[in-house]
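Below is one structure, written out as C-alpha cells, with a few remarks after it.
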There are 2 protein chains.
Amino acid sequence: MNRDNRLSSILHVLLHMADRPAPATSETLAQIMQTNPVVVRRVMAGLRKRGIVRSERGHGGGWTLIRDPADVTLRDIYDGIGAPPLFAIGNRNAAPHCAIERSVNAVLDSTLKAAGTLLLKSFETVTLAKLHDGLRRRLGAPPSAPNRRRVS
Amino acid sequence: MNRDNRLSSILHVLLHMADRPAPATSETLAQIMQTNPVVVRRVMAGLRKRGIVRSERGHGGGWTLIRDPADVTLRDIYDGIGAPPLFAIGNRNAAPHCAIERSVNAVLDSTLKAAGTLLLKSFETVTLAKLHDGLRRRLGAPPSAPNRRRVS
DNA sequence: GATTCATGTAACTTTATATGTTACGAAATA
DNA sequence: TATTTCGTAACATATAAAGTTACATGAATC
C-alpha cells in the first residue's frame, strides 16, 4: 500500500510559510516539498476551504497562512486534506454474508475506531506554533516571531 | 492506498477452523475467504512459523489450528502475517536534508508510534476464544466446544 | 488592453503494493 | 504409480497516491 504523505508534506510546507513573508507561490512551495506545483495547489485547496490559508492569483500572488499558528492543530490539517483513512489495515468486505465474518469485522472495526479516535485526539494537541518552537529549540535558534523574514 | 485485509481474512478463517474437525485444505479455506488457495497458503505460512497452525501434505492433508484459541491473540496473528504497517499515513522522506522536515517527521513518527503501541496492546487483549464465544452469543448458539463439527 | 504571472482544475500517466493467478515441484497417502 | 495437497516462484491485475500535462480564469504590470 502506498502511504499517504500529504499530512507530513503539508505540515512541512506550512512551517516554512510561517517563516516567510507571504505570499509564497505554488512553484516555491513545490520546490520545498520536492514535488509538482499542481500537487501543492491540490493539497492547499483543502486547507483554503477550512480557512487556514488563502490564495491570490496574478502578480505577487501565492499562498498565505491566515490563521495564528497557535490555533492550527494537526487535526485541522488532517481534516483539511479530507480526513483520509488512518489505517493501512481493514476489512475485506463491508457487508459479508457470513455471520462469523460480520462478527470479526465488527470487533476489528471497533478496535480500529477507538485507536483512531485516540490518534485524532493527540493530533488536536499539536499546533503549528508548538512544532515551530520545538524545531527552533532543536536548531538552537531564538524564539519565534511571526512572519519575520528568514531564509529557507 | 490499498488496505491490507490479511488480518481480517485470516481471523475469519481461523474461527471457521476452530469450528471444524481438522485439517482443512487450502481449497476449502479459500472458498470461505472468497479467494485463491495460493493466497491462503501464503498467509497461513506466516502463522505456521509462529506455531499457530500446522500444515500437512498429501491425502487428508490441510491446515490445523494447533494452539488453544484462548491463547491466540490478535497480536499473535498480526505478527504472524509479518507485522505490516498499521497506518495509511506517513512521512514522505525517511531522512530529509531539510531540518524543518526532519523535525516534522520526528513529531509525526512519535505520535504514530505511540498510537501504534496502544493499538497493538488492544490487539493483545483479543483472543480467538473471545471472538468465538462473542459471536456465538450474537447468533444465539450454545457455548463453544472445541473442534465440534459444524457447517460453515 | 495586451502581456505576464499565478492559481483552478480536469484528464491522463506513473508508481507502489496488495491481491489474484498460473505453473510446477515436493511430499504424503492410497 | 497415481492422486492429493502443500510450497513457492513468477507473473498478472486492481487500486490509490502521486506526478504530469494542458488549458482556462483572474490579477497585476506595462
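All values below come from the heavy atoms of this structure, side chains included, with hydrogens, waters and symmetry mates left out. Chain letters run A, B, ... following the sequence lines, proteins first, then strands; residues in each count from 1. Everything numeric here is computed off the predicted structure, so don't read it as measured data.
Place B:R92 and B:R42 on DNA chain D by their nearest nucleotides, and B:R42 ends up nearer the 5' end.
Rounded to whole Å, atom P of D:dA17 lies 13 Å from atom CG of A:L86. Rounded to an integer number of Å, the gap from CZ of A:R41 to C1' of D:dT25 is 12 Å. Rounding to whole angstrom units, CG of residue A:N36 and C1' of D:dA18 are separated by 10 Å. To the nearest angstrom, C1' of C:dG8 lies 16 Å from CD of A:E27. Nucleotide C:dA6 holds its P atom 12 Å from the CG atom of A:L29, rounded to whole Å. As a whole-Å value, the separation of A:N91 CG from C:dT19 P is 12 Å. Straight-line distance from the CD1 atom of A:I89 to the P atom of D:dT15: 21 Å, rounded to whole Å. To the nearest angstrom, P of C:dT21 lies 12 Å from CE of B:M33.
In terms of modelled atom types and a separation under 3.5 Å, the side chain of A:Y78 and the main chain of A:P84 share a donor-acceptor contact. Under a 3.5 Å cut-off, the side chain of A:S103 and the backbone N or O of A:A99 do not form any donor-acceptor pair. Side-chain N or O atoms of B:T73 include one that pairs as donor or acceptor with a backbone N or O of B:R75 at under 3.5 Å. In this structure, the side chain of A:D4 does not engage the main chain of B:A88 through any donor-acceptor pair within 3.5 Å. A donor-acceptor pair is defined here as one N or O able to donate and one able to accept, closer than 3.5 Å; no such pair exists between the side chain of B:R41 and the backbone of B:S26.
Residues from residues 44-64 of chain A lying near DNA chain D, meaning a heavy-atom separation below 4.0 Å, are A:R57, A:G58, A:H59 in numerical order.
Looking at B:I89 and A:N5, their side chains never come closer than 4.5 Å, going by heavy atoms from C-beta outward.
In this structure, B:T35 reaches the C:dG20 phosphate: one of its side-chain N or O atoms is under 4.0 Å from OP1 or OP2. Here B:N5 reaches the OP1 or OP2 of C:dT19: one of its side-chain N or O atoms lies under 4.0 Å away. Residue A:S26 places none of its side-chain N or O atoms closer than 4.0 Å to OP1 or OP2 of C:dA6.
Proximity note for B:V39 (side chain, C-beta onward) versus D:dT20, D:dT8, C:dT21: the nearest is C:dT21. In the set C:dT7, C:dA18, C:dA10, C:dA18 carries the atom at the smallest distance from any side-chain atom of B:D4.
Smallest separation of non-hydrogen atoms from A:L65 and A:A18: CD2-CB, 4.2 Å.
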